Visitor: 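This is the structure, below, for whatever I ask next.
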Amino acid sequence: MPDNPKSDVGRITKRSEFLAVQRGDRLRGRFFLLEIGNRGDDAAPRVGFTVTRKQGNAVERNRIRRRLREVVRNTGARDMCAGNDYVIVGRREILAASFEDLNAELSSRLRNPRAAKGANSHKAV
RNA sequence: CCAGCCGGCCGGGCGGCCGCGCGGACAACUGCCGAAAGGCGGUUCGCGAGGAAAGUCCGGGCUCCACGGAAGAACGGUGCCGGAUAACAUCCGGCGGGGGAGACCCCAGGGAAAGUGCAACAGAAAGGAUACCGCCACUUUGGUGGCAAGGGUGAAAUGGUGGGGUAAGAGCCCACCGCACGGCCGGCAACGGACGUGGCACGGUAAACCCCACCGGGAGCAAGACCGAAUAGGGGCGGCAUGCGGGGUAACCCGCGGGGCAUAUUCCGGCCCGCCGUCCGGGUAGGUUGCAGGAGGCGGAUGGCAACAUCCGCCCAAGAUGAAUGGCCGCCACGUUCCUGCCUUUUGGCAGGGGCCAUACAGAACCCGGCUUACAGGCCGGCUGGCAAU
């Protein structure tokens, strides 16, 4: 597991799971809004992506989602904590941003004390 | 060579590394769970967006609902003729009208003697009549009579052009054109043609109501079918429990209590009452299916002007569901731009080198046939006009 962390990040696809994460911590950012929810177990972290219709047509929304997935695959997975669910709400600024900026942004958000705190406090009820 | 018209096609290519979805294989390598069957991985192989996948505007397949058949009413749609098609508002071939020098392009193109309505403003007059300016004759100079050629108004003005004629004019007369009617000829038809007759009536508008002909039951893959937790609730069975007192064999009844509901609150009055196990049925979350072999694609032959049809051969080509087809790099093509050299009267062309961009519109969502809209750049074919050369 330590040498291959990327494959351990799961996806969340159910509406109920997204709604659950929505009740957790929220970190606003330049490129995206990061929502963090704690499941209360020790399983691998999971991530979900939300891109609203407002951000563009289908092609642009797909591109936003794919770039976010790539960012999570490359660097984001290292900084995610087991037992947490993350939802990244993408904005159209992602289309023009470089991957260096996106990686740095996501890493700094994930290392934020509030994000780390979510993993320790199991009282999410 | 330049300008233009029409039709068809492409819409980056090759390679490397990493990653995603679906399917196959596991003979070989390998991790976990399981008694096993097997499951979750790993490995490996194959496949993986469009010409519009888009808008959701028409037409179908498919599914469910409704319905005895048929016809009609209402409502909606279509509207020259013939053909193609499963069907269409689509396509093909014609006809008619309009535009263009031409190749060609455009048309919501049935009916106005079934009826109703409308036409502002302007104008003398807008659908049965009329005369402002004007023209002519007469005149007592006030007018009276005749006329509609010309002017003027309007989206539209009562057939048009030319000639004759007349006081001036007028289909009053004549020729041609138009129109109406009649039979004839050609064509399946829309329609066309020549001929004869008639001096010409019957104005426009049906993307106004309307009339006529034809077509249409409704909703949609979130259709529909199947499996089906947890929790709450319903029913069956079993077990336990079921305040106190009185009556009764018992079901139960009466009194005093407890909790909850409705009522702003209180009292009176009203209504309701437990736990555990197990099974059954409905049903929610969730899952499976529908769901990729079809009016399928490609090639050929035959028939047809064509749309298309028939036959033969080959092929199987995405299947996601908070929704896979992506990220990075190299080379090349294409494009654009700069510099140098050469050619050319110029626009420009060729060669070499460098920089930039490395792409437009846009993402399958049950499936087909169309329509419409968006689109960087490029290729091919046919045709028209002009210039030059032969």
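Here is how names work: the chains are called A, B, and so on, in the same order as the sequence lines, proteins then strands, and each is numbered from 1. Because the structure is a prediction, the values reported are computed rather than measured.
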Visitor: Does the distance from a Lys or Arg side-chain N to an Asp or Glu carboxylate O, for A:Glu60 and A:Arg92, drop under 4.0 Å?
Guide: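 Yes, charged N to carboxylate O under 4.0 Å.
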
Visitor: Nearest to the side chain of A:Glu70, heavy atoms from C-beta on, is which of B:rG326, B:rA364, B:rA362?
Guide: B:rG326

Visitor: Please give the distance between the C1' atoms of B:rA320 and B:rA49 as a whole number of Å.
Guide: 12 Å

Visitor: What is the distance, to the nearest angstrom, from the CD1 atom on A:Ile64 to the P atom on B:rG327?
Guide: 13 Å

Visitor: Looking at the angle O4'-C1'-N9-C4 for a purine or O4'-C1'-N1-C2 for a pyrimidine, is B:rG142 syn or anti, with syn meaning within 90° of 0?
Guide: syn

Visitor: Please classify B:rA317 as syn or anti, treating any glycosidic angle within 90° of 0 as syn.
Guide: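 B:rA317: syn.
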
Visitor: Give the rounded distance in Å between these two atoms: CZ of A:Arg69 and P of B:rG327.
Guide: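 Rounding to the nearest Å, CZ of A:Arg69 and P of B:rG327 are 10 Å apart.
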
Visitor: Does A:Asp101 form a side-chain contact (heavy atoms from CB on, under 4.5 Å) with A:Phe31? I'd like the steps, not just the answer.
Guide: CA-CA 9 Å; A:Asp101 290 348; A:Phe31 299 125; 4.2 Å; yes

Visitor: Who does B:rU158 pair with, Watson-Crick or G-U, both distances under 3.5 Å?
Guide: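 Base partner found: none.
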
Visitor: Send over the distance from A:Phe49 CZ to B:rU321 C1', rounded to a whole Å.
Guide: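 After rounding, the gap between these two atoms is 17 Å.
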
Visitor: Between B:rC26 and B:rC45, how far is it from one C1' atom to the other, in whole Å?
Guide: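 Those two atoms are separated by 11 Å.
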
Visitor: Atom CG of A:Asn62 and atom P of B:rC20: how far apart are they, to the nearest Å?
Guide: 18 Å

Visitor: Does B:rA201 have a Watson-Crick or wobble partner in any strand here, with both distances under 3.5 angstrom, and which is it?
Guide: none

Visitor: When you measure from the side-chain N and O atoms of A:Arg63 to the phosphate of B:rG363, is any distance below 4.0 Å, counting only OP1 and OP2?
Guide: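 It does not, given that no N or O in the side chain of A:Arg63 lies less than 4.0 Å from OP1 or OP2 of B:rG363.
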
Visitor: Given that both distances must come in under 3.5 Å, which nucleotide forms a Watson-Crick or G-U wobble pair with B:rA364?
Guide: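 Across any shown strand, B:rA364 pairs with none.
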
Visitor: Counting only Watson-Crick pairs (N1-N3 plus N6-O4 or O6-N4) and G-U wobbles (N1-O2, O6-N3), all under 3.5 Å, who is the partner of B:rG233?
Guide: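 For B:rG233, the partner nucleotide comes out as none, under the 3.5 Å rule.
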
Visitor: Between A:Arg109 and A:Glu105, is there a salt bridge with N-O shorter than 4.0 Å?
Guide: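 Yes, charged N to carboxylate O under 4.0 Å.
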
Visitor: When the distance from CZ of A:Phe18 to C1' of B:rA323 is rounded to whole Å, what number comes out?
Guide: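 Value for this atom pair: 11 Å.
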
Visitor: Classify the side chain of A:Arg66 versus the base of B:rG19 as yes if they form a donor-acceptor pair under 3.5 Å and no if they do not.
Guide: no

Visitor: Are any of A:Arg65's side-chain N or O atoms less than 4.0 Å away from OP1 or OP2 of B:rG322?
Guide: no

Visitor: Would you kindly give the CG-to-C1' distance between A:Leu68 and B:rG19, to the nearest whole Å?
Guide: 16 Å

Visitor: Which nucleotide, in any strand shown, forms a Watson-Crick or G-U wobble pair with B:rC47, with both distances under 3.5 Å?
Guide: B:rG21

Visitor: Across all strands shown, which nucleotide pairs with B:rC195 by Watson-Crick or G-U wobble geometry, both distances under 3.5 Å?
Guide: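 B:rG182 is the nucleotide pairing with B:rC195.
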
Visitor: Using O4'-C1'-N9-C4 for purines and O4'-C1'-N1-C2 for pyrimidines, with syn meaning within 90° of 0, is B:rA49 syn or anti?
Guide: syn

Visitor: Tell me which nucleotide, if any, is Watson-Crick or G-U wobble paired with B:rA225 when both distances must be under 3.5 Å.
Guide: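 WC or wobble partner is B:rU288.
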
Visitor: Measure CD/A:Glu60 against P/B:rA54 and give the value in whole Å, please.
Guide: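 Roughly 17 Å, once rounded to whole Å.
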
Visitor: Tell me whether B:rG51 sits syn or anti, counting syn as a glycosidic angle within 90° of 0.
Guide: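 Because its glycosidic torsion lies within 90° of 0, B:rG51 adopts the syn conformation.
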
Visitor: Let me know the distance between CZ of A:Phe32 and P of B:rG322, rounded to the nearest Å.
Guide: 23 Å

